Engineer: 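Please read through the structure below; I'll follow up with questions.
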Protein chains: 2
Amino acid sequence: MAMVSIKDVAAHAGVSPGTVSNVLNRPGKVAPATRERVEAAISELGFVRHGSASTLRAGHSRTIGLSVIDIGNPFFTEVAAGVEDVASELGYAVILGNSAGSQDKEERNLRVLAEQRVRGVLITPSGEDPARLDRLREHGISVVLVDHPAHRPDQCAVAVDDVAGGRAAAAHVLARGARTLAYVTGPLTIRQCVERREGAKAAMRAAGLDPGDLRVVETATMTARAGEKAAADLIAGGLPEAVFCANDLLALGVLRALLRSGVRVPEEVALIGYDDIDFAAASTVSLTSMRQPTYQLGRIATELLLDECDNPDTHAHQHIMFQPELVARESTQ
Amino acid sequence: MAMVSIKDVAAHAGVSPGTVSNVLNRPGKVAPATRERVEAAISELGFVRHGSASTLRAGHSRTIGLSVIDIGNPFFTEVAAGVEDVASELGYAVILGNSAGSQDKEERNLRVLAEQRVRGVLITPSGEDPARLDRLREHGISVVLVDHPAHRPDQCAVAVDDVAGGRAAAAHVLARGARTLAYVTGPLTIRQCVERREGAKAAMRAAGLDPGDLRVVETATMTARAGEKAAADLIAGGLPEAVFCANDLLALGVLRALLRSGVRVPEEVALIGYDDIDFAAASTVSLTSMRQPTYQLGRIATELLLDECDNPDTHAHQHIMFQPELVARESTQ
DNA sequence: TCCTCTTATAGAAACGTTTTACTTCCGGCG
DNA sequence: CGCCGGAAGTAAAACGTTTCTATAAGAGGA
């Protein structure tokens with residue numbers, strides 16, 4: 001419990017606290033000889049700057065918040081890796097919030113982030129409620145949306161075109177001859193799920209089918225377990241010729257359950273997922289999927305956020321939209 | 001940029017700042033009528049407590065640090081989920097640090113955590129250097145080791161018996177007739193990797209084989225990609241009858257590379273992984289693995305840490321050691 | 001030598017809480 | 001009737017930085 005403060009360092013080095021602070025924050029402003037003396041004192045005493053005091057006085061911290069929908073999903077893990085890399089390069093710490101699909105939990109997490117006076121927040125919102133994000137902005141906290149289009153012009157956002165992705169996915173299986181299509185999705189409060197469905201419907205229309213015939217199976221969470229349950233529903237209701245899943249976790253669950261029930265994939269049912277997580281290529285029947293630039297999503301979002309924080313005057317808000325890419329594998333052969 | 005402080009709330013409610021603080025921290029101490037008035041003022045003004053000021057004055061924060069070796073590994077993701085759940089139940093925020101296997105990065109992350117004056121740190125150390133953790137303790141930061149035995153008696157730790165796990169894994173393939181065994185491992189600076197190897201050697205000894213014959217292939221990172229490379233080495237050097245991988249990510253990579261090269265698993269080579277991540281069961285050839293109580297590891301470690309922080313006098317340090325469990329699947333049939 | 005200008009450092013105020021010691025008010029008891 | 005004790009609230013100090021203003025010390029020019 002040493003608790004050595006800037007004052008102790010100052011005393012030990014025979015300078016004033018202000019000078020120590022300068023050594024810490026603007027080393028150029030202090031004469032080399034003094035600086036060395038102070039640095040020696042710092043390491044001798046094992047001084048560690050008190051971040052809270054610094055934040056309090058300076059009015060801003062060196063931390064950012066990251067709020068994701070499901071940290072168990074490799075998609076978000078990879079986003080987080082991108083975020084972490086950039087943040088740590090620029091000397092920022094990342095506070096992680098997992099909303100686990102619950103808007104309540106997300107709200108609580110955002111509250112914690114606001115209390116911590118994070119510099120900014122990266123968020124994949126789990127619902128459509130721009131108001132709560134505006135509240136953060138009112139507290140001087142920048143917000144960048146990740147995997148979600150911007151709510152407003154004066155805001156950065158990094159997204160992937162989900163309608164196009166849904167369309168491409170559905171078009172792919174329809175082009176291989178499927179005439180009946182099911183869509184296994186997470187909660188339809190999640191924008192991505194809705195847009196991928198709209199894309200799928202558009203593809204059906206383009207193929208001369210009635211989009212109303214798209215069989216939608218909605219699950220509470222987007223996990224493999226939920227996928228297994230959904231597959232049971234599909235089997236019970238009569239199998240479609242193709243199944244499009246809103247993400248790979250669901251698809252892997254569906255796949256597992258189908259195979260266990262003796263259904264052959266892709267011969268009886270074609271299956272396509274979304275995200276192209278690492279494990280999609282390695283599954284029993286390798287999984288066709290829509291690839292997204294996941295790590296880049298995290299990197300770029302963080303770069304935008306920190307640019308907004310560190311250079312508020314020159315910063316230009318950007319809305320970046322990536323295009324997903326189809327990766328065909330065995331499950332739709 | 002409203003920045004409404006406790007003073008504004010006090011003025012608005014016609015009380016002193018001290019009373020507002022009491023409403024926030026010890027609601028019992030203030031008369032119901034006043035309390036309501038203050039609470040009304042708080043929500044009317046949209047007041048959010050300044051965490052840094054609070055930390056500065058109170059001397060401790062409501063955040064903990066979590067330092068893991070690879071957030072991209074589902075093993076750690078699940079640990080993190082357990083941590084997050086408990087922390088958020090008890091009103092703590094979690095700062096995530098990903099050491100990515102680098103001791104430097106881990107050091108930097110710990111420094112950030114120390115600056116943030118986190119209440120405690122949960123860490124799966126990426127090397128054996130108790131000194132740097134002791135430094136945290138000197139700053140009044142409690143440390144709980146996760147998936148690692150305790151360095152010292154006055155410290156909590158939650159671990160899984162890796163020697164036993166390595167022995168069980170190797171014994172399993174040896175019992176199925178394998179006489180030549182390779183061990184694909186991450187950096188041998190990581191304790192888990194070393195202990196699983198020792199376990200494997202013990203199993204060889206028990207089976208009447210020379211432990212010196214264990215063929216060790218060391219990789220820089222414990223990822224699927226590294227596993228693919230390792231498989232190339234194995235093939236080049238002549239295939240063993242069985243391969244034991246230090247984790248499932250490596251095993252999935254090895255599996256992918258073997259199959260691509262036309263090697264049949266398990267007929268030509270038996271393969272066993274470690275961790276039993278979700279995807280092990282879903283892979284091309286389902287993967288035999290050692291299951292660990294991952295989520296529980298995170299939960300319990302966090303409970304221990306927060307108990308140590310919140311009840312320092314009644315807290316009893318614990319060293320918990322779980323036993324891993326073999327899950328046999330196709331890859332060793 | 002004196003004055004000015006620059007540079008380096010000192011000193012002090014301020015950030016928003018928490019907490020301690022203190023005041024005020026009241027009801028009840030001797 | 002006076003006093004005591006408890007409850008409720010106030011006032012002020014303190015936490016460890018950062019940052020602004022002021023001062024001191026040199027350097028250089030006249």
Side-chain angles (χ1 to χ4, degrees), chain A residues 1-39 41-42 45-63 112 114-119 139-141, chain B residues 1-39 41-42 45-63 112 114-119 139-141:
Chain A
M1 275 283 202
M3 284 307 104
V4 21
S5 84
I6 226 175
K7 271 187 204 164
D8 305 314
V9 174
H12 195 264
V15 299
S16 81
T19 301
V20 177
S21 175
N22 278 333
V23 171
L24 257 27
N25 302 305
R26 303 183 267 290
K29 290 282 168 217
V30 32
T34 332
R35 191 194 323 161
E36 274 170 34
R37 207 143 32 89
V38 171
E39 278 163 355
I42 286 180
L45 269 50
F47 166 75
V48 177
R49 170 220 253 108
H50 195 306
S52 295
S54 164
T55 297
L56 173 59
R57 173 61 234 222
H60 54 82
S61 67
R62 298 286 286 182
T63 56
V112 170
E115 285 201 1
Q116 296 298 317
R117 293 297 193 275
V118 294
R119 200 69 189 279
H139 283 282
I141 299 176
Chain B
M1 276 286 202
M3 284 306 106
V4 21
S5 84
I6 227 177
K7 271 187 203 163
D8 305 315
V9 174
H12 196 263
V15 298
S16 80
T19 301
V20 177
S21 174
N22 279 333
V23 170
L24 256 28
N25 302 306
R26 304 184 265 293
K29 290 282 166 217
V30 34
T34 336
R35 192 194 322 161
E36 275 169 34
R37 209 144 31 91
V38 171
E39 277 163 356
I42 287 180
L45 269 50
F47 166 76
V48 178
R49 169 220 254 107
H50 195 305
S52 295
S54 166
T55 296
L56 173 58
R57 173 61 232 222
H60 54 83
S61 68
R62 298 286 285 181
T63 56
V112 170
E115 285 200 2
Q116 296 299 316
R117 293 298 194 271
V118 293
R119 199 71 189 279
H139 282 282
I141 299 177

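Note that these values count all heavy atoms, side chains included, but never hydrogens, waters or copies made by symmetry. Since the model is a prediction, treat every value here as computed from it, not as a measurement. Reminder, nothing fancy here: chain letters follow the sequence lines and each chain counts from 1.
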Engineer: So which atom in B:Pro17 and which in B:Ala10 form the shortest heavy-atom distance, rounded to 0.1 Å?
Structural biologist: N-CB, 3.6 Å
Engineer: How long is the straight-line distance from CD1 of A:Ile6 back to CD1 of A:Ile42, given to the nearest 0.5 Å?
Structural biologist: 7.5 Å
Engineer: Holding to salt bridge (charged side-chain N to carboxylate O under 4.0 Å, His left out), I want the full list of residues that pass it with B:Arg37, two or more places apart in sequence or in another chain.
Structural biologist: none
Engineer: In whole angstroms, how far is the C1' atom of D:dT17 from the CZ atom of B:Arg117?
Structural biologist: 11 Å
Engineer: With heavy-atom distances below 4.5 Å as the criterion, would you say the side chains of B:Val48 and A:Arg117 are in contact?
Structural biologist: yes
Engineer: Any side-chain hydrogen bond (donor to acceptor under 3.5 Å, both in side chains) involving residues 45-59 of chain A? Give me the pairs, sequence neighbours left out, ordered by first then second residue.
Structural biologist: A:Asn25-A:Arg49
Engineer: Within residues 49-62 of chain A, which residues have any heavy atom lying less than 4.0 Å from an atom of DNA chain C?
Structural biologist: A:Leu56, A:Arg57
Engineer: Measuring from atom CG of A:Leu24 to atom CD of A:Glu39, what distance do you get when rounded to the nearest 0.5 angstrom?
Structural biologist: 9.0 Å
Engineer: For B:Val4 versus B:Phe47, what's the shortest heavy-atom pair and its separation?
Structural biologist: O-CD1, 3.2 Å
Engineer: Could you check whether any side-chain N or O of B:Arg26 sits under 3.5 Å from a backbone N or O of B:Val23, counting only pairs where one atom can act as donor and the other as acceptor?
Structural biologist: no
Engineer: Report the residues that fulfil side-chain hydrogen bond (donor to acceptor under 3.5 Å, both in side chains) with A:Ser61, sequence neighbours left out, ordered by chain and then residue number.
Structural biologist: A:Thr63
Engineer: So A:Val38 and A:Val30, do their side chains get closer than 4.5 Å, heavy atoms only?
Structural biologist: no
Engineer: Using chain B heavy atoms and a threshold of under 4.0 Å, write down where along DNA chain C the contacts begin and end, 5' to 3'.
Structural biologist: C:dG16 to C:dT19
Engineer: What parts of residues 18-32 of chain B reach DNA chain C, counting only heavy atoms under 4.0 Å away?
Structural biologist: B:Gly18, B:Ser21, B:Asn25, B:Arg26
